[in-house]
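See below for the structure under consideration.
Quantities reported herein were computed from a predicted structural model and do not represent experimental measurements.
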Amino acid sequence: MSPRSETADAVTVIFYAVAAVVIVGIATWLRVLTTFREEGIAWSVPIDAMPVDATGDSGAISISGIAEEVVVFAPNVNAVSIAAIIASIALWAAAALLIIGSVILLAGNFLRGRFFVDANVRALVATGWTLVIAPIAIVLFDTMGRNGVLSAIGVGPGEPAHPLEFWSILPIFAIGMAVGLIAVAFRRGIRTQRENESLQKETEGLV
């Protein structure tokens, strides 16, 4: 791959990363607006499957189907559950921004020809741990929030996180582990590079 192609790839990554920052900000704000309503906390909860007739496109079309979820409004959710919902939203945004920031740092260093440096290792380690820890914490916070909503509307005290929710984040966990392995490879590359530089200085000293 030519240096010009590598530069173009790095610039493209930075461009998309900056666009992703904007998207994360918009998505976070929309989630806040759709969750915290005047009527209370809005949450989608499962219901027994039942046939429904509804309209769409502002009444322009009629839709028939089966409803398996419904959005409820809970005005009296306890403070702990509200804090958990806020923590889930904040953690999602923070994790996304941290990963995007790491990508920008890596792309910027690659653009300057700095590959095996400590900053890249730190960025990869931060990304790997974020991908491993953040999804689990978000699921737990979401579960606490959902249980508070269910309790507030009188459905019950709620249930612990379903195993299927944890299985759904397994691919993200695997990606985090893979990024961690890449960080190990970079760390060894730095060590080898420093050893080679030290050996070169010793050789030059002998000459």
Side-chain angles (χ1 to χ4, degrees), residues 1-32 83-144 161 163-207:
M1 184 178 294
S2 66
R4 180 176 298 179
S5 177
E6 292 177 355
T7 300
D9 289 342
V11 171
T12 301
V13 169
I14 293 174
F15 173 80
Y16 280 113
V18 172
V21 170
V22 177
I23 293 172
V24 169
I26 295 174
T28 302
W29 180 241
L30 289 177
R31 185 178 175 188
V32 170
I85 294 171
I86 295 173
S88 172
I89 296 173
L91 180 58
W92 180 87
L97 292 176
L98 189 150
I99 292 172
I100 293 170
S102 297
V103 170
I104 292 175
L105 175 63
L106 287 168
N109 282 337
F110 289 176
L111 190 59
R112 295 192 296 269
R114 302 176 68 228
F115 296 98
F116 295 105
V117 294
D118 291 330
N120 290 343
V121 173
R122 287 193 292 268
L124 289 169
V125 170
T127 299
W129 278 112
T130 300
L131 290 170
V132 169
I133 296 175
I136 298 174
I138 290 171
V139 168
L140 293 176
F141 283 136
D142 278 345
T143 301
M144 293 175 61
L164 202 59
E165 294 176 300
F166 285 105
W167 282 113
S168 67
I169 63 175
L170 186 60
I172 302 176
F173 183 89
I175 293 172
M177 297 296 291
V179 172
L181 292 175
I182 295 174
V184 172
F186 268 71
R187 187 177 287 114
R188 291 186 178 180
I190 292 173
R191 187 183 307 157
T192 301
Q193 179 175 272
R194 288 173 178 171
E195 290 174 353
N196 290 338
E197 291 174 353
S198 177
L199 182 61
Q200 183 176 358
K201 289 180 179 179
E202 292 178 359
T203 303
E204 291 176 351
L206 293 174
V207 173

> Of all residues at least two apart in sequence or in a different chain, which pass the ring-ring contact (aromatic ring centres under 6.0 Å, His included) check with Phe15?
Replying inline: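 Phe15 satisfies ring-ring contact (aromatic ring centres under 6.0 Å, His included) with no other residue.
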> Who passes salt bridge (charged side-chain N to carboxylate O under 4.0 Å, His left out) against Arg191, sequence neighbours left out?
Replying inline: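 Per chain and number, Arg191 pairs via salt bridge (charged side-chain N to carboxylate O under 4.0 Å, His left out) with no residue.
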> Residues two or more places apart in sequence or in another chain: which of them pass salt bridge (charged side-chain N to carboxylate O under 4.0 Å, His left out) with Arg187?
Replying inline: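 Partners of Arg187 by the salt bridge (charged side-chain N to carboxylate O under 4.0 Å, His left out) criterion come out as none, since no residue qualifies.
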What distance do [X] atom [atom1] and [Y] atom [atom2] have between them, rounded to the nearest 0.5 Å?
X      : Y      : atom1 : atom2 : value
Leu106 : Phe115 : CG    : CZ    : 11.0 Å
Asp9   : Ile14  : CG    : CD1   : 11.5 Å
Leu97  : Thr130 : CG    : OG1   : 11.0 Å
Leu131 : Leu98  : CG    : CG    : 9.5 Å
Asp118 : Asn109 : CG    : CG    : 11.0 Å
Ile138 : Ile172 : CD1   : CD1   : 8.0 Å

> So among Leu30, Val24, Thr28, which one has a side-chain contact (heavy atoms from CB on, under 4.5 Å) with Ile26?
Replying inline: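 Testing Ile26 for a side-chain contact (heavy atoms from CB on, under 4.5 Å) against Leu30, Val24, Thr28 leaves exactly one candidate, Leu30.
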>> Please check this pair: side chain of Ser88 against backbone of Ala84, looking for a donor-acceptor N/O pair closer than 3.5 Å.
In response: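 Looks like no, no N/O pair under 3.5 Å.
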Minimum heavy-atom distance between [X] and [Y], given as atom pair plus value:
X      : Y      : answer
Ala10  : Leu111 : CB-CD1, 3.9 Å
Arg114 : Asn120 : O-ND2, 3.0 Å
Arg31  : Trp92  : NH1-CB, 4.5 Å
Leu91  : Ala134 : CD2-O, 4.0 Å
Val132 : Phe173 : CG1-CE1, 3.3 Å
Val13  : Ala107 : CG1-CB, 3.9 Å

> Do Ile89 and Phe141 touch side chain to side chain, with heavy atoms closer than 4.5 Å?
Replying inline: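 Side-chain contact under 4.5 Å: no.
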> So do Tyr16 and Val103 actually touch side chain to side chain, heavy atoms under 4.5 Å?
Replying inline: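 No, side chains not in contact.
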> With under 30° as parallel and over 60° as perpendicular, where do the rings of Phe110 and Phe186 fit, or are they tilted in between?
Replying inline: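 The rings of Phe110 and Phe186 lie parallel, inter-plane angle below 30°.
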